[in-house]
Protein chains: 2
Amino acid sequence: MISVEEARGRILDSLAPCGAETVPLAEGWNRVLARPVTARLTQPPADVSAMDGYAVRAADAVEGATLAVTGAAPAGHPFRGEVGPGEAVRIFTGAPVPEGADAILLQEDATAGGNGVRVNETVRPDRWIRRAGMDFRAGDTLVEAGRRLSARDIGLAAAGNHAWLPVHRAPRIAILATGDEIVLPGEPLPAGGIVSSNAHMLAALVRAAGGVPVVLPIAGDNHEAIGAAAEAARRCEMLVTTGGASVGEHDLVQSALAPHGFTLDFWKIAMRPGKPLIWGRLDGTPVLGLPGNPVSALVCGVLFLWPALMKLSGLPAAPLPLRMARLGADLPENDRREEYMRARLETDAEGRSVVVPATRQDSAMLRVLAGADALLQRPPHAPALQAGATVPVVHLADLGI
Amino acid sequence: MISVEEARGRILDSLAPCGAETVPLAEGWNRVLARPVTARLTQPPADVSAMDGYAVRAADAVEGATLAVTGAAPAGHPFRGEVGPGEAVRIFTGAPVPEGADAILLQEDATAGGNGVRVNETVRPDRWIRRAGMDFRAGDTLVEAGRRLSARDIGLAAAGNHAWLPVHRAPRIAILATGDEIVLPGEPLPAGGIVSSNAHMLAALVRAAGGVPVVLPIAGDNHEAIGAAAEAARRCEMLVTTGGASVGEHDLVQSALAPHGFTLDFWKIAMRPGKPLIWGRLDGTPVLGLPGNPVSALVCGVLFLWPALMKLSGLPAAPLPLRMARLGADLPENDRREEYMRARLETDAEGRSVVVPATRQDSAMLRVLAGADALLQRPPHAPALQAGATVPVVHLADLGI
């Protein structure tokens, strides 16, 4: 058996990010940028007014003066002339400041009348002018490669005049549920049959991580069905199998894949829930074999599949996103297996995050898992803890899982 | 001018959640459940084995005894007979426990040989049996209405034998950028032109909130173009306008919409950035008019459009998701406008979250906004604060924005 950390390291070391594709700006949200986005223009392109008012020479615009209004500069319609001594040009937010002017008289500090405007408050030089390039200059890097694009990044790439974005392809993940007893939801259910929950739960996890799930037809517990699915998975970035508990699931999956070129890296991890886990390679396609138990499958999915998807998506390697919380109940010491307890998050009277482990940790209880907010991490051989201790937790909602 | 809180309250009060539609289970992730999902079966359906081993009568399975193996029960292939005195049935995880048996002898505590199995460790009654209904019973509510479906919820709904899910329709949000000077990214850019960044930034915000953006063609600063777009928006749950700064943007949008049945609720909010904001109704369609300035548009989008999308999506009303952080710099007192400062989040040596406001808060700086992690909320008339004070922040990454 190997540790969770070593298993995750070996999985991540063997994966490379998907290559790039071009997508329209409008489809770039939540994708991972493959090359930096640089500004194609300078913003603002010229010195512009930050407010509605009058472009003036500050030296002339003293309280009580009246200036001659010689034109107007709405945004999008620059004023071509010059502001001479004693003159003002009506200007609106975002419009280029005309030649000659060095400040803006706010409209609320002015009284317009006839062809002139009266200055009600003395104007300081430079006031209310945004200088060319204040936001960015042509050639500046606006968004770094390897970043998952936020709504703000999309706005910034647009402002930099990009209609297309180079992003990493979304990883396609083939998902194979195996087991003679497994039936799709809503299909006729024979005696002893179990409704398949893993495949679509894992497909949703893949979606939450920005990947594209390909749910293969369920394979019975036989070499032909599993082998056929393995062939179908060769065009995907990874094959994830789950289930097949009836005849010693991992032996079956491994022996069924062997004739198709499968080589094993490791298959037992010192953790709870979910000890048996296959990691190997089907020629070029990585294979992750998850336990058939839904709770174990999901927890292993969070610990191994989610980080794998981050790496395939082009994000920089990152540790499991743990946050600290106060323990809301006493815990006994842990054995040599790293444990991930299903837990609820609460907030105490002082506003601190408190994590309360579910009273029933049986790995068959999917309902407890679905009702949990977090996984409470217990390292191997962790000592007994009393309520109030600080412990690391994975916030499942943070991951969309 | 009204407060941010009052504005948000008036917006939310006037919106109703979208009605329901049926989607396949596989498309249910991240949608909001419109009706509860109840279990259509009991899980486990019968008493089942929690481990691989032998179904036995505990009274017989004392250390040193040898039991006669009379059959096998893999998952999916129940054993139909009874376990008699001195007998054992080979059993695998998830398989129903045969009649007569009341405990499981673990395979690691047994030695198989010939037609018998030797008990190496005395078995306690009830051990390693999961009772029928331990996870859930037919008729139990598995997922409550009004919940955004996680990967785990999808797994639980599948286990409850649902192939289809009733979810709220995703709100369709028409987005209209106005302004003579606005040009789509990559299009020919005239002198004084500005590349449109708001529409696609807001479209990404809508996507992040689970809505469907409909980006309308840019309308110039004239009544015909804006009116035509308003007509196009009538099949959407909301019309969001942005920009048109050249001639007093909100007057223009309001006067252009008036002949199409527009009625105004309010249009000035005591906040920074983003004071001018329209909220009204075009017959049945709510209209949110955002400032043309990209930073103001995004901040107002977070404060007003995001909560509106949550309500339209069917989620229960929730306050703005604020978290507390330690202030990383001194701040002067605030004026009467509620402020949302662009800020970065850091972690101090003790692992605490520290928020550092950007040194330049000019609302024209989209790059500062894109590089921010959070908005630091400053209530109206907030006193001066020193570094180390506790302040509320909106984590933009939490919102996918």
Side-chain angles (χ1 to χ4, degrees), chain A residues 25-26 29-30 44 50 74-78 92-94 96 130 134-136 142 150-156 158-159 161-163 179-181 185-186 191-198 200-201 203-205 207-208 215 245-247 294 298 324 351 362 364-367 369-370 396 400-401, chain B residues 25-26 29-30 41 50 74-78 92-94 96 130 134-136 142 150-156 158-159 161-163 179-181 184-186 191-198 200-201 203-205 207-208 215 245-247 294 298 324 351 364-367 369-370 396 400-401:
Chain A
L25 175 80
W29 176 74
N30 210 34
H77 303 282
F92 296 89
T93 304
R130 290 181 175 136
M134 184 187 72
D135 199 2
F136 52 80
L142 296 179
S150 69
R152 293 166 290 139
D153 294 326
I154 295 297
L156 188 56
N161 211 14
H162 290 264
D180 284 341
E181 75 281 18
I194 290 179
V195 179
S196 168
S197 55
N198 282 356
H200 285 103
M201 180 166 65
L205 183 154
R207 264 184 230 277
V215 177
S246 59
V247 224
L298 191 281
M324 304 312 284
D362 189 301
M365 298 183 76
L366 186 53
R367 184 145 67 146
L369 176 67
L396 291 166
I401 294 173
Chain B
L25 174 78
W29 176 75
N30 211 33
L41 42 73
H77 303 282
F92 295 89
T93 304
R130 290 181 175 137
M134 184 187 73
D135 199 2
F136 51 80
L142 296 180
S150 69
R152 293 167 290 139
D153 294 327
I154 296 297
L156 188 57
N161 211 14
H162 290 265
D180 284 341
E181 75 282 20
L184 287 170
I194 291 179
V195 180
S196 168
S197 55
N198 282 356
H200 286 103
M201 180 167 66
L205 183 155
R207 266 183 229 277
V215 177
S246 58
V247 225
L298 192 281
M324 303 312 283
M365 298 183 77
L366 186 53
R367 185 146 66 146
L369 176 67
L396 290 166
I401 294 173

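In terms of heavy atoms, B:Trp29 sits closest to A:Gly400 at NE1-O, 2.9 Å. Of all heavy-atom pairs between B:Ala158 and A:Ser196, the closest is CB-O, 3.5 Å. Closest heavy-atom contact between A:Leu156 and B:Ala370: CD2-CB, 3.6 Å. Taking each heavy atom of B:Ser197 and A:Ala159 in turn, the nearest pair found is CB-N, 3.8 Å. Across every non-hydrogen atom of A:Met134 and B:Met365, the tightest pair is O-CE, 3.3 Å.
Residue A:Met324: no heavy atom, backbone or side chain, is found under 4.5 Å from chain B. Contact annotation for A:Leu298: only side-chain heavy atoms (C-beta onward) come within less than 4.5 Å of a heavy atom of chain B. Residue A:His162 touches chain B through its backbone alone, counting heavy-atom pairs closer than 4.5 Å. Contacts between A:Ala26 and chain B at a heavy-atom distance below 4.5 Å involve backbone atoms as well as side-chain atoms. In this structure, chain B has heavy atoms under 4.5 Å from both the backbone and the side chain of A:Asn161. Looking at A:Leu25, only its side chain comes within 4.5 Å of chain B, counting heavy atoms on both sides.
Note that CZ of A:Arg367 and CZ of B:Phe136 are 7.5 Å apart. Values are rounded to the nearest 0.5 Å.
Residues passing the salt bridge (Lys or Arg N to Asp or Glu O under 4.0 Å) test with A:Arg152, sequence neighbours excluded: none. Under the side-chain hydrogen bond (donor to acceptor under 3.5 Å, both in side chains) criterion, B:Ser150 pairs with B:Asp153, sequence neighbours left out.
Between A:Asp362 and B:Arg130, the closest side-chain pair of non-hydrogen atoms falls below 4.5 Å.
Note on A:Leu142, A:Val215, A:Leu366: by heavy-atom pairs under 4.5 Å with chain B, the leading option is A:Leu366.
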